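Step one of this worksheet: look at the structure below.
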Amino acid sequence: MPELPEVETVLQSLLPILQGKTVNSVKINHPQVIGWPESPLTFARELTGLIFRDGHRRGKFLIFQMSGERRLIFHLRMTGQLFYQEGFVSPAPHTHLILVLSGGGAVNFKDTRRFGRAYLLRPGEEKEAGNLERLGPEPLDPDFSPNDFKDVLKKRSGRIKSLLLNQCFLAGLGNIYVDEILFRSSVHPETPASRLREEEMDRLYCNMRTILREAISGRGTTFRDYRDGTGQAGDFQGLLQVYGREGQNCPHCAEEIRRKKVAGRSSFFCPRCQKDDSYDPDSIGECK
DNA sequence: AACATCTCCTGAAAGC
DNA sequence: TGCTTTCAGGAGATGT
């Protein structure tokens, strides 16, 4: 499931290839994946001829700045893959959108479960791209301080796990990294946000930034479907400490890792490490 | 207002 | 063995 580090990796692997290339033709195999404009035919017509200028990531959105003041935006959701292929290759199953580029290569948008979306926006149409306009701060933004993080946390009564997953609160976290952040911070996923102690909030902030940076360095987590912009898998999955490890021993205390539904998601946690006053600064979660 | 639940999708895995 | 059911989860829509 592509989260912030995976989307960042896709962007970094694709952008150098795409910059300067022109979209020569657009093939839409499944109109449902076009989120905007409403008419997929308009999407195809207006995208044809545009040049890839630049790109960046916002939350889990991939945003390409195109010529003509257009922005081409992708959200990969669960199983979406955006990758470049040189020359003509017959498309893999579930390839819903193909952009044939100058130079003969093509960008493929493949998404088994068809939750992902592509948007082509004119200036002023930002509200048409899902919740892009309502996203919370970027966790890795240098201007996003521990105090900013704590101030919003203190106002919330919900469980910390639901809050960290809420894109309007913080942009880019998903189920895998939230579980890892909570584990490293020794915080139980069901803890009410408003009841977190000061040092727990500091740990969450710090571990969040550390883990996201580590995962970007590892080029993302391939748990099932994720691939980068060249089709390569990530390397971070082996470094996950709790996610997907139900029944295995906690790497810190050897207690059996549990799995429980929290906020409608599978949550993996260590029942011994992640409870009140269980924090041991000499072992896990320490933030420098 | 702010939760929780349902929905969309397919394929892998579990259950019978 | 093989069919049926469950599960995975991002996020918008709907319900409480």
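So that the names make sense, note that chain A is the first sequence line, chain B the second, and so on, each numbered from 1. Quantities reported herein were computed from a predicted structural model and do not represent experimental measurements.
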Practice item. On DNA chain B, check which nucleotide each of A:Gly264 and A:Lys155 is closest to and give me the residue with the more 5' one. Key: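 Nearer the 5' end of the strand: A:Lys155.
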[N] phosphate, OP1 or OP2: any side-chain N/O from [X] under 4.0 angstrom?
X        : N      : value
A:Tyr226 : C:dG10 : no
A:His94  : B:dG11 : yes
A:Ser266 : C:dC7  : no
A:Asn131 : C:dA11 : no
A:His75  : C:dA11 : yes

**Study point:** Identified side chain to side chain donor-acceptor pair (under 3.5 Å) partner of A:Asn175 from the options A:Lys161, A:Glu180, A:Glu3
**Key:**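 Among A:Lys161, A:Glu180, A:Glu3, the one meeting side chain to side chain donor-acceptor pair (under 3.5 Å) with A:Asn175 is A:Lys161.
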Review point. Do A:Ile257 and A:Val178 share a hydrophobic cluster (ILVMFWY, side-chain heavy atoms under 4.5 Å, transitive)?
Key: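 Linked within one cluster.
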Practice item. Spell out, yes or no, whether A:Phe269 and A:Ile160 are grouped together once hydrophobic residues are joined by side-chain heavy atoms under 4.5 Å, including indirect joins. Key: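 As far as the 4.5 Å side-chain criterion goes, A:Ile160 and A:Phe269 are not connected within one cluster.
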Separation of [N] [atom2] from [X] [atom1] (nearest whole Å):
X        : N      : atom1 : atom2 : answer
A:Phe223 : B:dA12 : CZ    : P     : 15 Å
A:Arg159 : B:dA4  : CZ    : P     : 6 Å
A:Lys161 : B:dC3  : NZ    : P     : 16 Å
A:Arg114 : C:dA11 : CZ    : P     : 19 Å
A:Arg113 : C:dG10 : CZ    : C1'   : 10 Å
A:Leu132 : C:dA11 : CG    : P     : 11 Å
A:Met1   : C:dC7  : CE    : C1'   : 11 Å
A:Lys261 : B:dT5  : NZ    : P     : 11 Å

Check your understanding: Under the criteria of a ring-centre distance below 5.5 Å and an interplanar angle below 30°, is A:Phe115 stacked with the base of C:dA11?
Key ->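 A:Phe115 vs C:dA11: stacking no.
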Review point. Where each residue is assigned the nucleotide of DNA chain C containing its nearest heavy atom, which of A:Lys60 and A:Arg224 is assigned the position nearer the 5′ end?
Key: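 Nearest nucleotide further toward 5': that of A:Arg224.
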Check your understanding: Do A:Gln65 and A:Arg53 have side-chain atoms, one donor and one acceptor, less than 3.5 Å apart?
Key ->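 Distance-only check fails for A:Gln65 and A:Arg53.
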Review point. Base, sugar-phosphate alone, or nothing: which one does A:Gly130 contact when heavy atoms must sit under 4.0 Å apart?
Key: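 If one applies the 4.0 Å heavy-atom cut-off, A:Gly130 turns out to touch the sugar-phosphate alone, with no base involved.
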Review point. Base, sugar-phosphate, or nothing: which does A:Phe268 touch, judged by heavy atoms less than 4.0 Å apart?
Key: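 A:Phe268: no heavy atom of the nucleic acid under 4.0 Å.
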Check your understanding: Can you find a donor-acceptor N/O pair under 3.5 angstrom joining the side chain of A:Arg265 to the base of C:dG10?
Key ->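 Yes, the side chain and the base share a sub-3.5 Å donor-acceptor pair.
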Point to revise | A:Glu38 atom CD, over 12 foreign heavy atoms within 6.0 Å | key: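 No, CD of A:Glu38 has 12 or fewer neighbouring heavy atoms, counting only those of other groups under 6.0 Å.
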Point to revise | Nearest listed nucleotide, side chain of A:Gln32, among B:dA4, B:dC9, B:dC3 | key: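 Within the option list, the nearest is B:dC9.
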